[in-house]
Amino acid sequence: STVICVFEKDAIEIDEDLLANSARSLETLVTVGMKLGVSKKLANIGLPNIEKCVLQ
Amino acid sequence: GHGSSKEENGAAESQSKGSRRARLKQRLHLHRRRRSRSNSPSHGKLLNAENFAGIALLTLVRAEMKFKDKWLACVSFGEQTFRTNISDQTDKPVWNSEKKLLLEKNGPHVARISIYETNKMSRNNLIGYCEIDLLEFLTRDSDSNSNSEILDLLDPSTSDKIVGKISVSCSVEDPIETEKSFARRILSIVDYNEDGKLSFSEFSDLINAFGNQVAANKKEEMFKAADKNGDGVVSMDELAALLAIQQEKEPLMNCCPVCGETLEVSDKLNYMIHLTLCFDEGTGKQVMTGGFLTDKQASYGWMFKLSEWAHVSSYDVGLNSGSSANHIVVFDRRTKRLVEELIDEKIVLSMRAIYQSKLGLGLLDTGAKDILQSLSEKQGKKMNSVESAKDIPKFVEFFKDQINLAEVKHPLEHFKTFNEFFVRELKPGARPIAYMERDDVAISAADSRLMAFKSVDESLRFWIKGRKFSIQGLLGKDQCSNAFINGTLVIFRLAPQDYHRFHFPVSGTVQQFVHIPGCLYTVNPIAVNSKYCNVFTENKRVVSMLSTAEFGKVAFVAIGATMVGSITFSKKEGDHVKKGEEFGYFSFGG
């Protein structure tokens, strides 16, 4: 079984790692709740990259 | 024709049978001569009268009836019955339906042909019948060049009244051709790119799937013998010739890939004939339907395993039996590592055979869709039975590295059927939702293997190879607006061991559900990557439309697959939903 979500053109900016794997025809193992992407409106502002954040 | 053999007395019959066999030997002598010239080591085996076996090609050509109707004809031979298509409304139906029948010394040799008028409002009515002794027909003295005969059709209630005539023809298939075409066809299963050449790995896949260790050890030797210039590929015809020789020395398959029947190694010709007939039944080459393939038989043969779900309820003989498991590589986003997912080689091969070859395409056109539906419905009933609960521990053990029982909401004893366990809920918090308070961040809708593409064009370039795929085909005409046509596509593929509930990827309102009926093909990448199979636009599915503030409209398509064709929703139209909330689940069934 499969779920397919279709977003309208220019509505979402999918996370780069997911797009990069897919462009290599490689599936990515994910779990419910993992980040998929952000609304294009928000993408223009930008989200903080948590992986690059440092605790001080 | 009918009746004539019944008039013979015992002694005469015995003598007649002896002479018939002699005449048949003579008729087949031509084949022997040709075989000798071709230096095949198997020459003459068909001509051993004591072990006679051959394939008779029976054709029901046309009939002349006494009134107009829509007609069909059935042939009963031994325990099998085959039928033609239904003719147009006429008193002279034409079928030209062919059927290959196995004719052997101790097997049946009288075929009964029955003609029915068809009626939509009631049962089909038997109007006439006749019987034909195929052995006698093939060995008769008169005009041996003619393969045709016109037989009287008798009234079933009186037996002496003639109600029509039927024209039939019958011939013996050239055994050399039978062997060659069989070898070519079995090899074509693994000729994935259909260039008529085989690499060693393609050939190796096939021999491994046969499950015969002796043959597996010889595959390199055989391949090297055929690959005379050592370039690593050989033509299908060259390999077919070698395969036929090997097949005679030491049969490669222990059981029939199509129906699963154990093959009698000591009876090599019957073995090959059985396989030929079984393959014919599925390829659509033969016009008549019925006979070998039932869903029960299909569930035994590896050719029809069709899905990675095939062994879900039988893990004691399941995916990791044998050392030849194949794999699909996926990237684990959490650990950032490549991981291999094991799938039994037979299942991989059968999926390729069905979904990625022209042979498979033929199979799908001749009843395999119904078989998938029937298998899935039966699997659903089985998985909803109390007895199925005993499979849960085996399943958990098999996937012990991939199913975390600590995060399952209820203990194993709670689940009264396998399906209940299959749609298990997780404890609250087991799946943290990224940026929970921000509706402008979308999340993954399922525990799954994910593919994402900025546009449909990219999805077609990298993943979906079905020639008929389109967003409009996926969503249906009424659901598909222009904004979706070149929208972004995210595919979540669930595997047997996964948590099977799906969740909302975005917050919004559920607008409507549209149920689209369809097939239950596997959604494995092998099928998705096939140009012949249009899984996403032909499978049964439910399209729901979500209206959101941050993403506009989002189409959510839940697609059923082989064995797992049941889709249940826990929300209804008009519900306001938060991303991460449960939306529904897939379960076993049709």
Side-chain angles (χ1 to χ4, degrees), chain A, chain B residues 328-334 339 431-435 440-454 458 462-463 471 474-475 481 483-494 499-500 502-503 505 523 525 536 550-561 564 580 586:
Chain A
S1 29
T2 284
V3 168
I4 298 183
C5 289
V6 187
F7 293 83
E8 292 177 330
K9 187 171 164 39
D10 296 327
I12 187 171
E13 185 152 312
I14 298 286
D15 285 2
E16 265 309 315
D17 64 323
L18 301 175
L19 290 174
N21 286 340
S22 302
R24 294 158 60 202
S25 302
L26 178 66
E27 293 176 302
T28 308
L29 199 58
V30 296
T31 54
V32 170
M34 281 184 176
K35 183 167 162 277
L36 181 66
V38 296
S39 156
K40 271 277 171 89
K41 293 185 220 166
L42 182 76
N44 295 331
I45 304 165
L47 261 185
N49 186 340
I50 288 187
E51 287 177 5
K52 288 182 182 169
C53 289
V54 181
L55 285 175
Q56 291 182 340
Chain B
I328 292 175
V329 176
V330 297
F331 182 83
D332 186 333
R333 199 185 199 194
R334 189 178 59 81
V339 290
R431 294 286 180 269
I433 306 301
Y435 301 96
D440 43 15
V441 179
I443 54 136
S444 164
D447 282 15
S448 58
R449 292 103 194 88
L450 176 148
M451 294 294 269
F453 303 100
K454 280 182 185 171
E458 288 194 5
F462 297 117
W463 196 241
I471 291 292
L474 173 71
L475 303 180
S481 66
F484 282 126
I485 291 291
N486 210 19
T488 301
L489 208 64
V490 187
I491 305 167
F492 304 90
R493 178 175 69 88
L494 285 73
Y499 163 63
H500 259 74
F502 46 82
H503 294 241
V523 290
F536 296 144
E550 299 293 340
F551 296 93
K553 281 193 178 179
V554 178
F556 187 106
V557 190
I559 304 175
V564 188
F586 295 107

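Numbered from 1 within each chain, the chains take letters A, B, ... in sequence-line order.
Contacts between B/Pro432 and chain A at a heavy-atom distance below 4.5 Å involve the backbone alone (N, CA, C, O). For A/Leu19, the parts lying under 4.5 angstrom from a heavy atom of chain B are both the backbone and the side chain.
Side-chain contact between A/Val30 and B/Asp447 is absent, with no heavy atoms from C-beta onward closer than 4.5 Å. A 4.5 Å side-chain heavy-atom check between A/Val6 and B/Leu475 finds at least one atom pair inside the cut-off. Residues B/Tyr435 and A/Val38 fail the side-chain proximity criterion, which asks for heavy atoms closer than 4.5 Å. In this structure, A/Lys35 and B/Val441 have side chains that are in contact, with non-hydrogen atoms separated by less than 4.5 Å. Counting only heavy atoms from C-beta outward, the side chains of A/Val3 and B/Phe556 approach each other to under 4.5 Å. Taking 4.5 Å as the limit, every side-chain heavy atom of A/Glu13 sits out of range of all side-chain heavy atoms of B/Lys454. The closest side-chain heavy-atom distance from B/Trp463 to A/Glu27 is below 4.5 Å. A 4.5 Å side-chain heavy-atom check between B/Phe492 and A/Ile4 finds every atom pair outside the cut-off.
A donor-acceptor pair under 3.5 Å links the side-chain atoms of B/Ser444 to the main chain of A/Thr31, judged by distance alone. Remark: side-chain polar atoms of A/Ser25 are paired, donor with acceptor, to backbone N or O of B/Phe462 under 3.5 angstrom. With hydrogens and angles disregarded, no donor-acceptor distance shorter than 3.5 Å links the side chain of A/Ser1 to the backbone of B/Phe586.
The structure places CG of A/Leu18 at 10.0 Å from CZ of B/Phe331, a figure rounded to the nearest 0.5 Å. Interatomic distance, A/Ser22 OG to B/Leu450 CG, rounded to the nearest 0.5 Å: 6.0 Å. From A/Met34, atom CE reaches atom CZ of B/Arg431 across 8.5 Å, with rounding to the nearest 0.5 Å. Atom OG1 of A/Thr2 sits about 7.0 Å away from atom CZ of B/Arg493, to the nearest 0.5 Å. A/Asn21 contributes atom CG, which lies 9.0 Å from atom CZ of B/Arg333 (distance to the nearest 0.5 angstrom).
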Under the criterion salt bridge (Lys or Arg N to Asp or Glu O under 4.0 Å), I'd like the reasoning laid out for B/Asp440 against A/Lys40: C-alpha separation, chi angles, the key distance, then a yes or no.
CA-CA 9 Å; B/Asp440 43 15; A/Lys40 271 277 171 89; over 6 Å; no
Side chain to side chain contact (heavy atoms under 4.5 Å, CB included) assessment of A/Thr28 paired with B/Val330:
CA-CA 6 Å; A/Thr28 308; B/Val330 297; over 6 Å; no
In sequence, state the C-alpha distance, the side-chain angles, and the governing distance for A/Val32 and B/Phe502, and then conclude on side chain to side chain contact (heavy atoms under 4.5 Å, CB included).
CA-CA 8 Å; A/Val32 170; B/Phe502 46 82; over 6 Å; no
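By number of non-hydrogen pairs under 4.5 angstrom with chain A, the leading residue of B/Ile443, B/Ile485, B/Asp332 is B/Ile443. Note on B/Ala558, B/Ala434, B/Gly560, B/Ala555: by heavy-atom pairs under 4.5 Å with chain A, the leading option is B/Ala555.
The minimum heavy-atom distance between B/Phe484 and A/Glu8, with the atom names listed, is CE2-CG, 3.7 Å.
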